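Everything on this sheet refers to the single structure shown next.
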Amino acid sequence: MPQRIIMDVDTGVDDSLALLYLLASPDAEIAGIAATAGNVPAAQVAINNLAWLELAGAPDIEVALGAADPLEIPLRTTEDTHGPHGVGYAELPIPTRRVSARSAASMWVDLVRERPGELIGLCTGPLTNLALALRAEPELPRLLRRLVIMGGAFNHPGNTTPTNEWNIHVDPEAAKLVFDAFSAAPADRRPLVCALDITETIEMRPVHLARLAERAGSVPVETVAPEDPSEARSAASNPIVRHLTDAVRFYFDFHHSYDLGYLAHMHDPFAAAVALDPALARTRPATVDVELTGTLTRATTVADWAGMWGRPPNADIVVATDPDRFFDRLIARIGDYARARCPGDPAPERIAAEPG
Ligand code: RIB
Ligand code: CA
């Protein structure tokens, strides 16, 4: 039986891959997508998801608009990281569908009440709309089957300030409300937290894109490079591969410009893969709290691994994974999905099928 999952995203280049990964996963049924302000404004996040869904020939999955701003502070976006519209260099077709009549927070509450204990929540953006949903439905932690959060940094530098991570940085009050709300949750309902400690080991490189294009039967199989001009666009025959290549190349350029290498940290599709299969990750329980008043450390996530605060654990933090195993699965799933949605030439005999 496919696992029902609500996505709460700030699409975003890596959020885009998380969506494609779940669309391509036979063990996933996307119950709804909450568009959260973060990488780009919420309205643009919603447009990006509607556009990817139509491009992918996906069923009419509900996209609900989230709050325009974080709980207590003005919105900060990061077009320099994800591109002017949040999808890198990709120029996605304008979607014909509109956002849902209900808000993202209302969709969270309605979906979690519909089938208690069955819905998986995946958050790959700021936690603003999950926090609003928790205010409306305090029972949400017990009504969810599982919650996976991409966010935070523990024994690892931040990517937005020296100590904090983007999704928490945008709305730290929301993040604290969420972790506090799960403090009383039973052990099997603790959020699985995919923080930078691990997601910055998920390094997508041009070869991964080339393998995905090959798996999709897309031609030509392109190898993007740092010397490619910004105005270059993919000529891949498969539209999902073409637009994905244009999106990810911007993210490669961004990481390259910060001397991180010609690569992209694929935070969100990794969190999506863990949401469907927690066995991909090894975790350790901890009590997590969020600094709100530090002059230098505001929005830093702090993990008490040893019970020094005398408070029970409220999170299971991912501490180890196998990036290659994840990329094999991502390439196989999205590659096969792209091929099936946009069949080109008949599939060449595959020498060794990658694990699905
Ligand atoms: O810090 C990385 C996270 O912030 C990712 O989810 C990225 O998409 C941005 O939202
Ligand atoms: Ca994101």
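Count residues from 1 along the sequence. All values derive from a computational prediction rather than experimental measurement. Numbering of ligands and ligand atoms starts at 1, following listing order.
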salt_bridge([X], [Y]) N-O dist < 4.0 Å:
| X | Y | answer |
| --- | --- | --- |
| D188 | R146 | no |
| D289 | K176 | yes |
| R298 | E291 | no |
| R249 | E222 | no |

Considering only heavy atoms, does [X] approach ligand 1 within less than 4.0 Å through its side chain, its backbone, both, or neither?
| X | answer |
| --- | --- |
| T199 | neither |
| V13 | neither |
| H82 | side chain |
| N159 | side chain |

Would you please test L260 and F254 for side chain to side chain contact (heavy atoms under 4.5 Å, CB included) and show each step? CA-CA 9 Å; L260 296 169; F254 171 79; 5.5 Å; no
Do M107 and V109 sit in one hydrophobic cluster, given that two such residues count as connected whenever their side-chain heavy atoms are within less than 4.5 Å of each other, even indirectly? no
Near the Ca ion (ligand 2), is there an N/O/S atom from D14 that is less than 3.0 Å away? no
Could you tell me whether the Ca ion (ligand 2) has an N, O or S atom of N167 under 3.0 Å away?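 For N167, the answer is no, given that no N, O or S atom comes within less than 3.0 Å of the Ca ion (ligand 2).
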Looking only at N/O atoms, are D15 and ligand 1 under 3.5 Å apart anywhere?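 Between D15 and ligand 1, an N or O pair is found under 3.5 Å apart.
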Under 3.5 Å between some N or O of ligand 1 and some N or O of D268? yes
Short list, please: which atoms of ligand 1 are under 4.0 Å from a heavy atom of [X]?
| X | value |
| --- | --- |
| E165 | 1 (O), 2 (C), 3 (C), 4 (O) |
| T124 | 6 (O), 10 (O) |
| D14 | 5 (C), 6 (O), 7 (C), 8 (O) |

Would you check, one step at a time, whether the test ring-ring contact (aromatic ring centres under 6.0 Å, His included) holds for Y251 with H82? CA-CA 6 Å; Y251 214 25; H82 290 267; 4.8 Å; yes
Once rounded to 10 degrees, what value does the angle at the Ca ion (ligand 2) take between OD2 (D268) and O (T124)?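 The two atoms subtend 100° at the Ca ion (ligand 2).
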From the N, O or S atoms in D10, identify the one nearest to the Ca ion (ligand 2).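 Checking each N, O and S atom of D10, the shortest distance to the Ca ion (ligand 2) belongs to OD1.
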Looking at atom 10 (O) of ligand 1, what's its closest protein heavy atom, distance included? N167 OD1, 2.8 Å
Start with the C-alpha gap between D268 and Y21, add the side-chain angles, then the distance that decides, and say whether side chain to side chain contact (heavy atoms under 4.5 Å, CB included) holds. CA-CA 10 Å; D268 297 345; Y21 182 86; over 6 Å; no
Quick check: does any side chain N or O of N39 sit under 3.5 Å from a backbone N or O of G86, one acting as donor and the other as acceptor? no
